[in-house]
Amino acid sequence: MTEQSTLQRPRNVLGEPLAPCCHGNSTGFYRDGFCRVGPEDIGVHAVCAEVTEDFLAFSRARGNDLATPRPSFGFPGLVPGDRWCLCAGRWKEALAVGMAPPVVLESTHLAALDVVTIEELRLHARGGQ
């Protein structure tokens, strides 16, 4: 269920062309604003999420501080409400402890379904998508 041929646009979990996750931050494994995945992306950065304070604290406790700016990497740090491409496995870990942030289905890559179900994603979809 991962990336289709390079002649096709990547698909989202709804089977439609993948929409950008955000325009402000350079998110995604390829830092192009899309939650695209490929063979190099062993973390499967496929879930477009609107991060919450709870999720940022959860991620920090797991060793991935997404809130602290890292200017040397061009990373401004995230604040609640920012959209970011999350590793599907990390999103599922957060789901298991009730801290999964809302997802943007049209911007979540089809590869996320190798890790989480469409039902789990729909239950946490932003705006009841």
Side-chain angles (χ1 to χ4, degrees):
M1 283 185 140
T2 56
E3 194 78 10
Q4 294 83 20
S5 86
T6 56
L7 299 176
Q8 297 177 334
R9 269 184 77 184
R11 296 283 179 191
N12 63 29
V13 294
L14 303 172
E16 302 165 347
L18 188 66
C21 184
C22 72
H23 300 287
N25 289 324
S26 295
T27 192
F29 182 80
Y30 299 101
R31 298 296 189 242
D32 62 0
F34 287 83
C35 297
R36 297 183 306 114
V37 300
E40 313 89 2
D41 181 11
I42 59 172
V44 189
H45 293 77
V47 177
C48 178
E50 288 185 359
V51 299
T52 62
E53 189 63 46
D54 284 344
F55 177 78
L56 291 171
F58 170 80
S59 187
R60 185 173 30 255
R62 292 286 194 271
N64 188 16
D65 183 357
L66 296 172
T68 301
R70 305 268 189 247
S72 61
F73 293 106
F75 179 66
L78 301 178
V79 296
D82 283 347
R83 290 185 179 181
W84 197 251
C85 295
L86 301 178
C87 293
R90 179 56 46 91
W91 188 86
K92 186 164 183 141
E93 287 175 22
L95 177 65
V97 295
M99 294 192 188
V103 298
V104 182
L105 296 176
E106 65 267 12
S107 302
T108 296
H109 193 281
L110 184 62
L113 297 181
D114 290 340
V115 179
V116 298
T117 68
I118 188 64
E119 292 81 13
E120 290 168 326
L121 293 170
R122 283 187 191 277
L123 285 173
H124 291 83
R126 176 193 48 80
Q129 300 167 339

Chemist: Would you call Arg90 and Glu93 a salt bridge, taking side-chain N to carboxylate O under 4.0 Å as the test?
Modeler: yes
Chemist: Measure the spacing between CZ of Arg11 and NE2 of His109 and express it to the nearest 0.5 Å.
Modeler: 10.5 Å
Chemist: Less than 4.5 Å apart, side chain to side chain, heavy atoms only: is that true for Thr27 and Arg83?
Modeler: no
Chemist: Could I get the full list of salt bridge (charged side-chain N to carboxylate O under 4.0 Å, His left out) partners for Glu16, not counting sequence neighbours?
Modeler: none
Chemist: Mind checking whether Val13 and Val103 have side chains closer than 4.5 Å, heavy atoms only?
Modeler: no
Chemist: Would you say the rings of Trp91 and His124 are close, in the sense that their centroids are separated by under 6.0 Å?
Modeler: yes
Chemist: Supply the atom-to-atom distance Leu18 CG to Arg9 CZ, rounded to the nearest 0.5 angstrom.
Modeler: 7.5 Å
Chemist: Side chains of Val37 and Tyr30: closer than 4.5 Å at any heavy-atom pair?
Modeler: no
Chemist: Do Cys21 and Cys85 have their SG atoms less than 2.5 Å apart?
Modeler: no
Chemist: Once rounded to the nearest 0.5 Å, what's the spacing between atom CG of Leu113 and atom OG1 of Thr108?
Modeler: 9.0 Å
Chemist: Identify which one of Cys48, Pro20, Cys22 satisfies the side-chain contact (heavy atoms from CB on, under 4.5 Å) criterion when paired with Val104.
Modeler: Cys48
Chemist: Let me confirm one number: the CZ-SG distance from Phe29 to Cys35, rounded to the nearest 0.5 Å.
Modeler: 13.0 Å
Chemist: Donor-acceptor pair, Asp41 side chain versus Gly38 backbone, under 3.5 Å?
Modeler: no
Chemist: Please check: side-chain N/O of Ser26 versus main-chain N/O of Asp32, any donor-acceptor pairing under 3.5 Å?
Modeler: no
Chemist: Which residues satisfy the side chain to side chain donor-acceptor pair (under 3.5 Å) test with Asn12, sequence neighbours excluded?
Modeler: none
